[in-house]
Amino acid sequence: MQLVVTTWNVNSVRLRLDHVARFVAESKPDVLCLQETKCPDDRFPLSAFRSLGYAHIAINGQKGYHGVAVLSRLPFAETRAMGFCDKNDARHIAVTLGKEAKQAAGITIHNFYVPAGGDIPDPAVNPRFAHKLAFLDELMAWTGRERPAAEPSILVGDLNIAPYETDVWNHKALLGVVSHTPIETSRLEEWRQTAGWVDAVRHLKPEPEPVYTWWSYRSPDWAAANKGRRLDHVWLAPSLQSTLQEAHVTRDTRGWERPSDHAPVTVTLDF
DNA sequence: ATGGTGGACCATCCA
């Protein structure tokens, strides 16, 4: 059997419902993980997603900002949301697939939205950057405590960091830009390696092939300029590495009318 | 070095 998992920062799930519908019609993921839903739980468009075939839905939303959701064709045995940095921000939700998922039963999928970090890459003067670094520290502590990669698990989300040189359009130009500063990229890489996750996209598309998942709204003619960054990630526990068949960034969605600034990232696992 | 755009929601905050 195949398990197809997509992560996508949609930047408002209600505004982008038609885009999500069009994407799932084309890509047919079994599990769709969304970030920046910007939607309180009591206003989440549940019935629209059920109509698209996603009967199993786990949401962690709030008014106006952040918010994550997992839409699934397969039932959950368990869902769970974690909080970070003593804030009530909706930045994580996890699901564990139920026995109906057959070979994929028991797989836990963690869906994260890591803080963007503001504009100035100095925690002493920019509280948002300090929050981002503290969030990464708590992620490190979480993996040390729970060892999630020791079980069959997938970690996806908008991590708001482009770790490698060819994850950005110009490495040298972006060394001082939040999302690609050494303090962030080294912390992300240390966390991933210590926890043991495999970077699924880079496993199949190793450097120096450029891979981007985000293009700024502020860039005119974004497609021709192609000043992108790889901010969205799919990581696999080592026990799932051998199931990895494909990884794909659906760049097309960025060219649709009134798009999200992020493109979906999809992996196919084969059991 | 600067300013550029977009979403939520009702004054700005956040990306």
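Proteins get letters first, then strands, A, B, ... in listed order; numbering begins at 1 in each.
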Q: Watson-Crick or G-U wobble partner for B:dG3, using a 3.5 Å limit on both distances?
A: none
Q: Among B:dG7, B:dA15, B:dC10, which nucleotide sits nearest the side chain of A:Ala116?
A: B:dA15
Q: Mind checking the P distance from B:dG3 to B:dG7? Whole angstroms is fine.
A: 23 Å
Q: Regarding A:Ser260 and A:Arg16, is there a side-chain donor-to-acceptor distance under 3.5 Å anywhere?
A: no
Q: Side chain of A:Tyr217: nearest nucleotide among B:dA8, B:dC13, B:dT5?
A: B:dT5
Q: Assign each of A:Asn160 and A:Pro40 to its nearest nucleotide of DNA chain B by heavy atoms, then name whichever residue's nucleotide is nearer the 5' end.
A: A:Pro40
Q: Counting only Watson-Crick pairs (N1-N3 plus N6-O4 or O6-N4) and G-U wobbles (N1-O2, O6-N3), all under 3.5 Å, who is the partner of B:dT12?
A: B:dA8
Q: Whole angstrom is fine here: how far is it from NZ in A:Lys38 over to C1' in B:dA15?
A: 6 Å
Q: Round to the nearest Å and state the distance from A:Asp221 atom CG to B:dG4 atom P.
A: 18 Å
Q: Hey, which of these two, A:Ser12 or A:Pro115, hits DNA chain B nearer its 5' end, going by closest nucleotide?
A: A:Ser12
Q: Would you measure the distance from the C1' atom in B:dG4 across to the matching atom in B:dA15 and give it in whole Å?
A: 14 Å
Q: Identify the two heavy atoms, one from A:Trp222 and one from A:Gly255, that lie closest to each other, and give their separation to 0.1 Å.
A: CZ2-N, 3.6 Å
Q: Reckon A:Arg91 touches a base, only the sugar-phosphate, or nothing at all at heavy-atom distances under 4.0 Å?
A: sugar-phosphate
Q: Using the ring centroid of each side chain, check whether A:Trp8 and A:Phe23 are separated by less than 6.0 Å.
A: yes
Q: Calculate the interatomic distance between A:Asp89 atom CG and B:dA15 atom P; express it in whole Å.
A: 8 Å
Q: Closer than 4.0 Å, any side-chain N/O of A:Arg218 to the OP1 or OP2 of B:dA15?
A: no
Q: Below the 4.0 Å mark, does B:dG7 have OP1 or OP2 next to a side-chain nitrogen or oxygen of A:Arg258?
A: yes
Q: Check the distance between B:dA1's P and A:Asp119's CG and give it to me in whole angstrom.
A: 15 Å
Q: Could you state the atom-to-atom distance from CG of A:Asn9 to C1' of B:dG7 in whole Å?
A: 11 Å
Q: Describe the nucleic acid contact of A:Arg16 in one word from base, sugar-phosphate, nothing, applying a heavy-atom distance below 4.0 Å.
A: sugar-phosphate
Q: Measure centre to centre between the rings of A:Phe112 and A:Trp142, then say whether the value is under 6.0 Å.
A: yes
Q: Could you check how far CG of A:Asn11 sits from P of B:dA8, rounded to whole Å?
A: 7 Å
Q: Do A:Asn88 and A:Gln62 meet the criterion of a side-chain donor-acceptor pair at a distance under 3.5 Å?
A: no
Q: Check the distance between B:dG7's C1' and A:Glu257's CD and give it to me in whole angstrom.
A: 16 Å
Q: With P as the reference atom in both, quote the distance from B:dT2 to B:dG6 in angstrom, rounded to an integer.
A: 23 Å
Q: For the pair made of CG in A:Asp261 and C1' in B:dG4, what is the distance, rounded to whole Å?
A: 14 Å
Q: For atom CD of A:Glu100, is the number of surrounding heavy atoms from other residues, nucleotides or ligands below 6.0 Å larger than 12?
A: yes
